[in-house]
Amino acid sequence: MAILVTGGAGYIGSHTVRALQKQGQDVVVLDNLHKGHRASVRDIPLHVGDLADPSFLDMVFGQHAVEAVVHFAALSLVGESVEYPNRYFRNNAAYALNLLDAMVEHQVDKLVFSSTAAVYGEPVKVPIDEGHPKSPTNPYGESKSMVETMLRRYEEAFGLRSISLRYFNAAGADPSGDIGEDHQPETHLIPIILQTLLGKRSHVKIFGTDYPTDDGTCVRDYIHVNDLSDAHLLALDALSQGCGTSAYNLGSGCGYSVRQVIDAVEAVTGEQVPVAESPRRPGDPAVLVASSSRARSELGWEPQYESLQAIVETAWHWHKNHPNGYEEETP
Ligand code: UDP
């Protein structure tokens with residue numbers, strides 16, 4: 001029996017594929033390669049195609065004895081989602097329905113869904129637990145929240161059980177150094193800082209220095225990508241043991257400001273990061289920090305990367321050795 005990973009050639013997807021492979025699972029990847037990288041998938045069977053196409057899904061489910069699905073395939077840029085909400089509702093919500101329908105059709109009843117802290121919107125209390133009101137402030141968060149809603153209804157109607165994992169800030173790379181973060185365009189803080197040190201950018205813009213935080217910059221909860229992938233394996237176990245539909249936050253529980261992230265990078269690399277104070281980025285809440293005690297107690301999740309510096313070290317290892325990401329490795 002195989003685990004089907006949609007978006008398995010993306011950042012978190014490829015790390016989860018690697019973890020499943022290490023666990024000895026039979027893994028199949030489905031990716032349209034619009035954002036994902038073929039080189040990250042290596043020797044795993046890869047079906048290149050789109051969730052938009054029900055006949056393609058039918059073919060993939062028909063070819064493999066799929067036991068469970070881990071669904072990453074989605075667009076994930078908040079700013080772009082505000083500009084083009086149609087793309088987000090179509091790709092992330094409407095096409096997810098095609099996947100769910102294919103699962104029902106082929107009697108696959110277990111799904112781990114890649115959700116996000118963006119489903120909560122502006123926090124009314126921090127740390128954020130799963131009981132926090134869901135009030136997304138952008139179409140990206142809204143599209144993920146819509147899928148969570150569909151999943152609850154699909155369990156009631158069709159017995160499809162799912163676990164939604166709401167990530168806070170994914171960061172770092174596999175310590176092997178051969179898979180890592182490579183987004184086009186890159187918008188995330190840690191890769192942007194590292195690309196600056198590699199001479200690919202002149203400076204890092206600090207988006208907002210007047211937030212109500214200790215140093216005036218935004219505070220986020222950075223969690224290592226391998227700790228995220230471990231949670232997917234645990235979620236698959238929980239579903240195999242019969243657990244019903246639920247959602248879990250995945251974060252470290254520690255908040256770091258933009259300036260603290262820059263300090264951590266300077267400590268790891270021994271280099272000074274050129275910065276420019278810039279206006280706030282629209283839609284950024286001041287503080288996002290997770291309470292992940294539910295994932296710890298119910299899934300038995302124990303993040304291994306306790307410090308931001310340890311996370312940054314793995315990211316630096318990847319970026320230093322792959323300054324152009326996967327570019328040079330693509331056949
Ligand atoms: N950030 C920044 N400069 C950048 C990119 C990001 O100051 O070039 C800030 C951003 O405002 C946020 C934090 O860094 O407070 C993390 O942003 P990122 O895009 O990495 O993740 P997000 O929190 O949006 O998921």
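Note that ligands are numbered from 1 as they come in the structure, with each ligand's atoms numbered from 1 the same way. Just so you know, these numbers come straight off a predicted model, no measurement behind them.
For atom 4 (C) of ligand 1, the nearest protein heavy atom (residue, atom name, distance) is Phe207 CE1, 3.4 Å. In terms of protein heavy-atom proximity, atom 3 (N) of ligand 1 is closest to Lys205 O, 2.6 Å. Among protein heavy atoms, atom 9 (C) of ligand 1 sits closest to Val258 CG2, 3.8 Å. Looking from atom 15 (O) of ligand 1 to the surrounding protein, the closest heavy atom is Cys218 CB, 2.9 Å. Looking only at heavy atoms of the protein, atom 11 (O) of ligand 1 is closest to Asp284 OD2, 2.6 Å.
Near Ile206, meaning under 4.0 Å from any of its heavy atoms, are these atoms of ligand 1: 7 (O). Interface atoms of ligand 1 facing Thr187, defined by a heavy-atom separation under 4.0 Å, are 5 (C), 19 (O).
Under the 6.0 Å distance and 45° angle rule, Arg294 counts as a cation-pi partner of Tyr248.
Side-chain polar atoms of Asp50 and Asn32 form a donor-acceptor pair below 3.5 angstrom. Side-chain contact check for His106 and Asp58: at least one donor-acceptor pair (N or O, by modelled atom type) lies under 3.5 Å. With 3.5 Å as the limit, one finds a donor-acceptor pair spanning the side chains of Asp215 and Ser257.
A distance below 6.0 Å separates the ring centres of His47 and His64. Checked against the 6.0 Å centroid threshold, Trp318 and Tyr326 count as a close aromatic pair.
When heavy-atom distances to ligand 1 are checked against a 4.0 Å cut-off, Asn169 comes that close only through its side chain, counted from C-beta outward. With a heavy-atom cut-off of 4.0 Å, Tyr222 touches ligand 1 through its side chain alone.
Ring geometry for Tyr167 against His232 counts as tilted: the plane angle lies between 30° and 60°, on a 0 to 90° scale.
The closest non-hydrogen atom to atom 18 (P) of ligand 1, taken over Arg220, Arg281, Arg259, comes from Arg281. Which of Leu77, Leu189, Ile193, Thr116 comes nearest to atom 20 (O) of ligand 1 through a heavy atom is settled by distance: it is Leu189.
Considering every non-hydrogen atom in both Leu33 and Ala9, the closest pair reads CD2-CB, 3.9 Å.
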